[in-house]
**Q** 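Attaching a single structure in structure tokens format; questions to follow.
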Amino acid sequence: MKTVYYVIPCYNEQEALPDTVRQLLEKLRQQILAGLAAPSSRLLFVDDGSKDGTWALIRETCLAEPLCCGLKLAHNRGHQNALLAGLMTALDKGADCTISIDADLQDDPDATDAFLQKYAEGYDIVYGVRNSRRTDSFFKRFTARCFYRFMRLLGAEVVYDHADFRLMSRRALQALEQYREVNLFLRGIIPTIGLRSTSVLYDRRARTAGRTKYPLRRMLSFAADGVTSFSVRPLKLISNLGLLISVLSVFGLLYALISFWAGAAVPGWTAIVCSIWLLGGIQLLCLGVVGQYIGKIFSEVKARPRYLIEEYIE
Ligand code: UDP
Ligand code: MG
């Protein structure tokens, strides 16, 4: 049987945590009884430098419950880093697979049965995908939609309506371990791992206790992080814009010269207009070229693995 580690990042979650622990423990016990998970499975709570009583609560739970374990980060490093810390610890402890789930249980713990079934069928990554966004405000729905569209447009492979509720096999975790980048955007990285993957639909609920840790400001910076750590396309767009303006400026130039010869131009206007257009275009173009090199440096510095071997047959 397979050792399953649930990885639960928690940041100031003291209101939500007691109920989460209860529900997840019940789920895990059921899965152990049903033979879906080994008795060595664990709930791994990651305290992301909380300022409230979250860690005290986790400690207490771990002392009382052999199925629970806890990891405390020294600082608040954000959801993605907390999650990675948990996943890598689970890998270290010998997990066969991990399921990451938020501490507010907005993601349905019952969907994990389907995750484990898919895993047993041989899938390495199982994405939890939201059935609908009914529980979200119109604003969140709209911004989320724009975000996924925009990411796709910029060439990052993201799974639509999938947050960080997913199962990863040991093999997928080992692949993830090879990604050494500091600006972590798991939703973008994990699809680049490849391997056999599938998705499971579930209904996302509203948060039951505590407040969201992702207000608009953090959401925007998260989205910007996603774009800039995945795509150098914005740099290419600058080059293209520069090229376009340079070409257009040739027409502008002709227009200005014709006006000048026709005597319709105020003295001095032609020279100013021509130089503004042409120089503006050339500057953008040069900026874009510099950007292209920066883009190369960016991907080199990330030093991501160039390939990941899925299988080797002798
Ligand atoms: N979280 C974290 N570190 C942070 C912010 C959030 O570990 O700096 C955790 C949080 O405790 C929760 C998960 O990340 O388990 C998702 O956060 P939240 O539910 O507030 O985000 P939302 O669902 O509103 O997007
Ligand atoms: Mg939430």
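Start at 1 and go down the list; that is how both ligands and their atoms are numbered. Scope of the values below: all heavy atoms of this structure, side chains included, with no hydrogens, waters or symmetry mates.
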**Q** Would you call R130-D107 a salt bridge at under 4.0 Å N-O?
**A**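 No, R130 and D107 are not salt-bridged.
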
**Q** Inspect the contact between R207 and D102 and indicate whether a charged nitrogen and a carboxylate oxygen are less than 4.0 angstrom apart.
**A** no

**Q** Any non-hydrogen atom of R77 lying under 4.0 Å from ligand 1?
**A** no

**Q** Could you find the nearest protein heavy atom to atom 20 (O) of ligand 1 and give me its residue, atom name and distance?
**A** K213 N, 2.5 Å

**Q** Measure the distance from atom 25 (O) of ligand 1 to every protein heavy atom, then report the residue, atom name and distance (to 0.1 Å) of the closest one.
**A**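 For atom 25 (O) of ligand 1, the nearest protein heavy atom comes out as K140 NZ, 3.5 Å.
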
**Q** Which protein non-hydrogen atom lies closest to atom 9 (C) of ligand 1, naming both residue and atom, and how far is it?
**A** P9 O, 3.8 Å

**Q** Identify which one of S41, S100, S40, C69 satisfies the side chain to side chain contact (heavy atoms under 4.5 Å, CB included) criterion when paired with Y5.
**A**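 Looking at S41, S100, S40, C69, the match for Y5 under the side chain to side chain contact (heavy atoms under 4.5 Å, CB included) is C69.
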
**Q** Check whether any side-chain N or O of Y119 sits under 3.5 Å from a backbone N or O of D96 as a donor-acceptor pair, and report yes or no.
**A** yes

**Q** Is L167 close to K118 at the side-chain level, that is, under 4.5 Å between some pair of heavy atoms?
**A**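 SC-SC contact between K118 and L167 ruled out.
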
**Q** With respect to L57, which candidate in C62, P18, C10, S50 satisfies the side chain to side chain contact (heavy atoms under 4.5 Å, CB included) definition?
**A**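 When side chain to side chain contact (heavy atoms under 4.5 Å, CB included) is applied between L57 and each of C62, P18, C10, S50, only P18 qualifies.
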
**Q** May I ask you to check if ligand 1 and R204 share an N or O to N or O distance below 3.5 Å?
**A**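 Among all N and O atoms of R204, at least one is under 3.5 Å from an N or O of ligand 1.
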
**Q** Could you tell me how the ring of F222 sits relative to the ring of F185: parallel (under 30°), tilted (30 to 60°) or perpendicular (over 60°)?
**A**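 The arrangement is tilted - the two ring planes meet at 30° to 60°.
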
**Q** Where is the nearest protein heavy atom to atom 1 (N) of ligand 1: which residue, which atom, and how far?
**A** Y11 CB, 3.7 Å

**Q** For atom 8 (O) of ligand 1, what's the nearest protein heavy-atom neighbour? Residue, atom name and distance, please.
**A**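 For atom 8 (O) of ligand 1, the nearest protein heavy atom is R218 NH2, 2.9 Å.
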
**Q** Within a distance under 4.0 Å of any heavy atom of N76, pick out the atoms of ligand 1 and give their elements.
**A**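 Close to N76: 3 (N), 4 (C), 8 (O).
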
**Q** Look only at the side chain of D108 and the backbone of D203, and say whether a donor-acceptor pair between them is shorter than 3.5 Å.
**A**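 Answer holds: no.
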
**Q** From atom 19 (O) of ligand 1, work out which of D107, D104, T20, D164 has a heavy atom at the shortest distance.
**A**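 Nearest heavy atom to atom 19 (O) of ligand 1 lies in D104.
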
**Q** In the structure I gave you, are the side-chain heavy atoms of Y127 and R187 within less than 4.5 Å of one another anywhere?
**A**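 Heavy-atom side-chain distance check fails, nothing below 4.5 Å.
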
**Q** Side chain or backbone of N12 under 4.0 Å from ligand 1, or both, or neither, by non-hydrogen atoms?
**A**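 Within the 4.0 Å criterion, N12 makes no contact with ligand 1.
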
**Q** Side chain or backbone, does A82 bring an N or O within less than 3.5 Å of an N or O on ligand 1?
**A** no

**Q** Between R196 and D124 (salt bridge meaning N to carboxylate O under 4.0 Å), is one present in this structure?
**A**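 Salt bridge absent between R196 and D124.
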
**Q** Looking only at protein heavy atoms, which one is nearest to atom 17 (O) of ligand 1, and how far off is it?
**A**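 Sorting protein heavy atoms by distance from atom 17 (O) of ligand 1 puts Y214 CD1, 3.9 Å first.
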
**Q** Of all the non-hydrogen atoms in the protein, which one sits nearest to atom 18 (P) of ligand 1, and at what distance?
**A**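 Among all protein heavy atoms, the one nearest atom 18 (P) of ligand 1 is R207 NH2, 3.4 Å.
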
**Q** Can a salt bridge be assigned to the pair E13 and R211 using a cut-off of 4.0 Å between side-chain N and carboxylate O?
**A** no

**Q** I need the contact type for A103 against ligand 1. Using non-hydrogen atoms and a strict under-4.0 Å cut-off, is it side chain, backbone, both or neither?
**A** both

**Q** Which of these, D48, I101, L17, T212, has its nearest heavy atom closest to atom 4 (C) of ligand 1?
**A**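 Answer by nearest heavy atom: D48.
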
**Q** Which option out of D47, D102, I8 puts a heavy atom nearest to atom 13 (C) of ligand 1?
**A**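 Checking each option, the heavy atom nearest atom 13 (C) of ligand 1 is found in D102.
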
**Q** For the Mg ion (ligand 2), give me the closest N/O/S atom belonging to D104, just the atom name.
**A** OD2

**Q** Could you label the plane-to-plane angle of the F165 and Y202 rings as parallel, tilted or perpendicular, counting under 30° as parallel and over 60° as perpendicular?
**A**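 F165 and Y202: perpendicular rings.
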
**Q** Looking only at heavy atoms, is any part of E13 under 4.0 Å from ligand 1, and if so is it the side chain, the backbone, or both, or is it neither?
**A** side chain

**Q** Is D48 paired with R77 through a side-chain N to carboxylate O contact shorter than 4.0 Å?
**A**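 Judged by the 4.0 Å cut-off on N to carboxylate O distance, R77 and D48 do not form a salt bridge.
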
**Q** Show me which atoms of ligand 1 lie under 4.0 Å from any heavy atom of Q106.
**A**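 Checking each atom against Q106, I get 19 (O), 23 (O).
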
**Q** Just to confirm my output: which protein heavy-atom neighbour is closest to atom 14 (O) of ligand 1, and how far is it?
**A**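 Among all protein heavy atoms, the one nearest atom 14 (O) of ligand 1 is H79 CD2, 3.2 Å.
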
**Q** Hey, is the Mg ion (ligand 2) within less than 2.8 Å of some N/O/S atom on Q106?
**A**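 Coordinating: yes.
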
